[in-house]
Amino acid sequence: MTIPIAILGATGYGGGELLRLFLRRKDVAIRHATSRTEAGKHVSSAHRNLDGLTDLRFSAPTEAELLRDCEVVFSALPHTASAKALAPFIAAGKRVVDLSGDFRLRTADAYHEAYSHTHPHPELLADAVYGLPELHRERIRGARVLASPGCFATAIELALLPAARAGVLGNRLSVVAMTGSSGSGAEATRGTHHPTRDQTLRPYKVDGHQHCNEIVQTLGEAAGSPTPFRLTFTPVSAPLVRGILAIATAPLARDLSATELETIYEEAYAGEPFIKLVRDREPEPGPVNGTNYAEVRARLSRHGELIAMCAIDNLVKGGAGQAVQSFNIMMGLPETEGLDWPGTWP
């Protein structure tokens, strides 16, 4: 069986990673890689790594053509634009996978608070499944609308998820997370252009990043807690192209030994195909660069608090790779299909 798909907004980094991950697969056929501005150009005009690997060109199909040609529609469009573009396909019963933030939050109010926009289709939020396989694998199996998590959110949630599920995560969370320049998208701005962020570390959106609501919502679901976690989050732009390193500290709800904490994380992530628990060093982005793997470590501070760390590739496990992982689950395919290669070192 070959599954026909479309990728909306395929010229950006998220769309480029989806193309890279799907082009070598025999069970998926990319029918359309859309771009209104680049229609007719070869996909390698935007994604140089794909030169010589495909004859695919960007296109600007009509809605009717997409409905006719595709079984699953991926959206790598920006926030607000994604929900508008996907609504007709959801109404027609197509499966959709959204890489933007448009379907991650459960309420329109939470969306407005995070993105400063009125949600264009709040009636669709209840149908969406949050695509973090390590938490919602069974729900993903039956999903029709899949909201792939944000990059910062993925790293922070994976760092803290076992403690939240075990009921030992304290209420006040403090996180510092560093990210590569690719997380700002393909279009450079004065604040995100790589030459202006190289050789420096720059905090931004301090205590106001759009992923905060998403993180608190997800950890609250994992903990089954009616009282939301209180999160202080400091994102930092780092002189990297790819990668996120999240470092979270939090009090524990009860005293734990180092062995008990280690057991909680080992049991939570036993059998998880893309989680690597590291013990003899700290997580770092380099070893997972270009992969769908996450390095995670949890330890106790000298004062008995939790220090939890996670490193991921922001465009793969934090973006297109996780979307493909959830797509595999949703379509009844092997979860690791097209994703289980190691990174490079150094």
Side-chain angles (χ1 to χ4, degrees), residues 1-47 49-77 81-100 102-103 121 124 127-129 131 133 139-148 292 315-316 319-340:
M1 178 183 71
T2 301
I3 302 168
I5 70 167
I7 301 170
L8 309 184
T11 56
Y13 290 147
E17 286 293 276
L18 288 172
L19 289 168
R20 179 175 76 91
L21 297 173
F22 279 131
L23 278 173
R24 309 300 286 180
R25 290 179 57 165
K26 304 299 185 184
D27 56 349
V28 173
I30 304 170
R31 300 296 189 209
H32 297 283
T34 79
S35 172
R36 294 187 182 279
T37 59
E38 304 298 312
K41 294 183 180 179
H42 194 277
V43 293
S44 64
S45 65
H47 310 298
N49 57 321
L50 305 182
D51 192 18
L53 299 180
T54 178
D55 295 327
L56 188 66
R57 294 180 179 272
F58 295 117
S59 61
T62 65
E63 183 181 300
E65 289 173 324
L66 287 166
L67 285 168
R68 179 196 66 202
D69 295 341
C70 303
E71 184 177 342
V72 181
V73 178
F74 286 79
S75 175
L77 293 168
S82 197
K84 290 177 183 177
L86 289 175
F89 304 103
I90 296 171
K94 300 290 184 180
R95 285 189 163 107
V96 304
V97 180
D98 184 25
L99 274 65
S100 86
D102 280 0
F103 295 102
H121 288 283
L124 299 177
D127 296 328
V129 173
R139 292 184 61 199
I140 291 169
R141 293 188 200 283
R144 307 293 302 185
V145 180
L146 192 115
S148 204
N292 200 53
L315 295 179
V316 190
Q322 182 158 242
V324 171
Q325 183 182 356
S326 290
F327 162 83
N328 288 341
I329 297 168
M330 185 171 64
M331 303 304 293
L333 302 170
E335 185 171 336
T336 60
E337 187 69 32
L339 295 170
D340 56 347

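Both backbone and side-chain heavy atoms feed into the values below; hydrogens, waters and symmetry mates do not. Start at 1 with the first residue, then count along the sequence. Owing to the predicted nature of the structure, the values given are computational and were not obtained by experimental measurement.
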Trainee: Quick check on side chain to side chain contact (heavy atoms under 4.5 Å, CB included): which of L18, I5, I7, V72 does V97 satisfy it with?
Mentor: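 The passing option is V72.
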Trainee: For the side chain of H42 and the backbone of S44, is there at least one donor-acceptor N/O pair under 3.5 Å apart?
Mentor: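 Looks like yes, one N/O pair under 3.5 Å.
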Trainee: Between V316 and Q322, is the side-chain contact (heavy atoms from CB on, under 4.5 Å) condition met? List the steps.
Mentor: CA-CA 6 Å; V316 190; Q322 182 158 242; over 6 Å; no
Trainee: Distance from H121 atom NE2 to F103 atom CZ, nearest 0.5 Å?
Mentor: 7.5 Å
Trainee: Could you pull out the closest heavy-atom pair between A143 and L146, with the gap in Å?
Mentor: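 The answer is CB-CD1, 4.3 Å.
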Trainee: Would you say K41's side chain and F58's backbone share a donor-acceptor pair under 3.5 angstrom?
Mentor: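 No.
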Trainee: Can you name the nearest heavy-atom pair linking A320 to G14, along with the distance?
Mentor: CB-O, 3.8 Å
Trainee: Pairing donors with acceptors under 3.5 angstrom, does anything connect the side chains of Q325 and N292?
Mentor: yes
Trainee: side-chain contact (heavy atoms from CB on, under 4.5 Å) for L86 and L8? Distances and angles first, verdict last.
Mentor: CA-CA 9 Å; L86 289 175; L8 309 184; 4.1 Å; yes
Trainee: If you take all heavy atoms of R31 and C70, which pair is closest and at what distance?
Mentor: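 Nearest pair, atom of R31 first, then C70: CB-SG, 3.9 Å.
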Trainee: Can you name the nearest heavy-atom pair linking G131 to P133, along with the distance?
Mentor: O-CD, 3.2 Å
Trainee: Once rounded to the nearest 0.5 Å, what's the spacing between atom CZ of R24 and atom OG1 of T54?
Mentor: 9.5 Å
Trainee: Can you check side-chain hydrogen bond (donor to acceptor under 3.5 Å, both in side chains) on H32 and T34, steps first, answer last?
Mentor: CA-CA 6 Å; H32 297 283; T34 79; over 6 Å; no
Trainee: Less than 4.5 Å apart, any side-chain heavy atom of L19 and any of L50?
Mentor: yes
Trainee: Ring centroids only, cut at 6.0 angstrom: are F22 and F327 within range, meaning strictly under it?
Mentor: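 Yes, the ring centres sit under 6.0 Å apart.
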Trainee: How far apart are the closest heavy atoms of P88 and L67, and which atoms are they?
Mentor: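 Distance-wise, the nearest heavy atoms are O-CD2, 4.4 Å.
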Trainee: Check for a donor-acceptor pair, side chain of R144 on one end and backbone N or O of G93 on the other, with a separation under 3.5 Å.
Mentor: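 Confirmed, R144 side chain pairs with G93 backbone.
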Trainee: Rounded at 0.5 Å granularity, tell me how far OG1 in T336 sits from CD1 in I329.
Mentor: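 Here the rounded value is 10.0 Å.
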Trainee: If only atom types and distance count, is the side chain of T62 paired as donor or acceptor with the main-chain N or O of E65 below 3.5 Å?
Mentor: yes
Trainee: Provide the closest heavy-atom pair for G9 versus L77 in the form atom of the first, atom of the second, distance.
Mentor: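 Result for this residue pair: CA-CD2, 3.7 Å.
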Trainee: Looking at CZ of R36 and OG of S59, how far apart are the two atoms once the value is rounded to the nearest 0.5 Å?
Mentor: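 Output value for this atom pair is 10.5 Å.
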Trainee: Does the side chain of L99 reach to within under 4.5 Å of the side chain of E17, using non-hydrogen atoms?
Mentor: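 They are not in contact (no side-chain heavy atoms under 4.5 Å apart), so the answer is no.
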Trainee: Could you tell me whether the side chain of M331 reaches within less than 4.5 Å of the side chain of R95, counting heavy atoms only?
Mentor: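 They are in contact (side-chain heavy atoms under 4.5 Å apart), so the answer is yes.
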Trainee: Does any part of the side chain of K94, heavy atoms only, come nearer than 4.5 Å to the side chain of L66, both counted from C-beta?
Mentor: no
Trainee: Of T2, I3, V324, which meets side chain to side chain contact (heavy atoms under 4.5 Å, CB included) against R25?
Mentor: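 Result: among T2, I3, V324, V324 is the only option passing the side chain to side chain contact (heavy atoms under 4.5 Å, CB included) with R25.
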Trainee: Are R57 and V43 side-chain neighbours, meaning at least one heavy-atom pair lies under 4.5 Å?
Mentor: no
Trainee: Using only atom types and a distance under 3.5 Å, with no angle test, would you say the side chain of S326 pairs donor to acceptor with the backbone of A323?
Mentor: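 Checking the backbone N and O of A323 against the side chain of S326, no donor-acceptor pair under 3.5 Å is found.
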Trainee: Under 4.5 Å between any side-chain heavy atoms of F74 and S148, yes or no?
Mentor: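 Side chain of F74 against side chain of S148, heavy atoms only: no contact under 4.5 Å found.
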Trainee: Atom CE of M330 and atom CD of E335: how far apart are they, to the nearest 0.5 Å?
Mentor: 12.5 Å
Trainee: Any chance you could measure I90, atom CD1, to D127, atom CG, to the nearest 0.5 Å?
Mentor: 7.5 Å
Trainee: Is a side-chain donor-acceptor pair under 3.5 Å present for D98 with S82?
Mentor: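 A pair is found: one side chain offers a donor N or O, the other an acceptor, under 3.5 Å apart.
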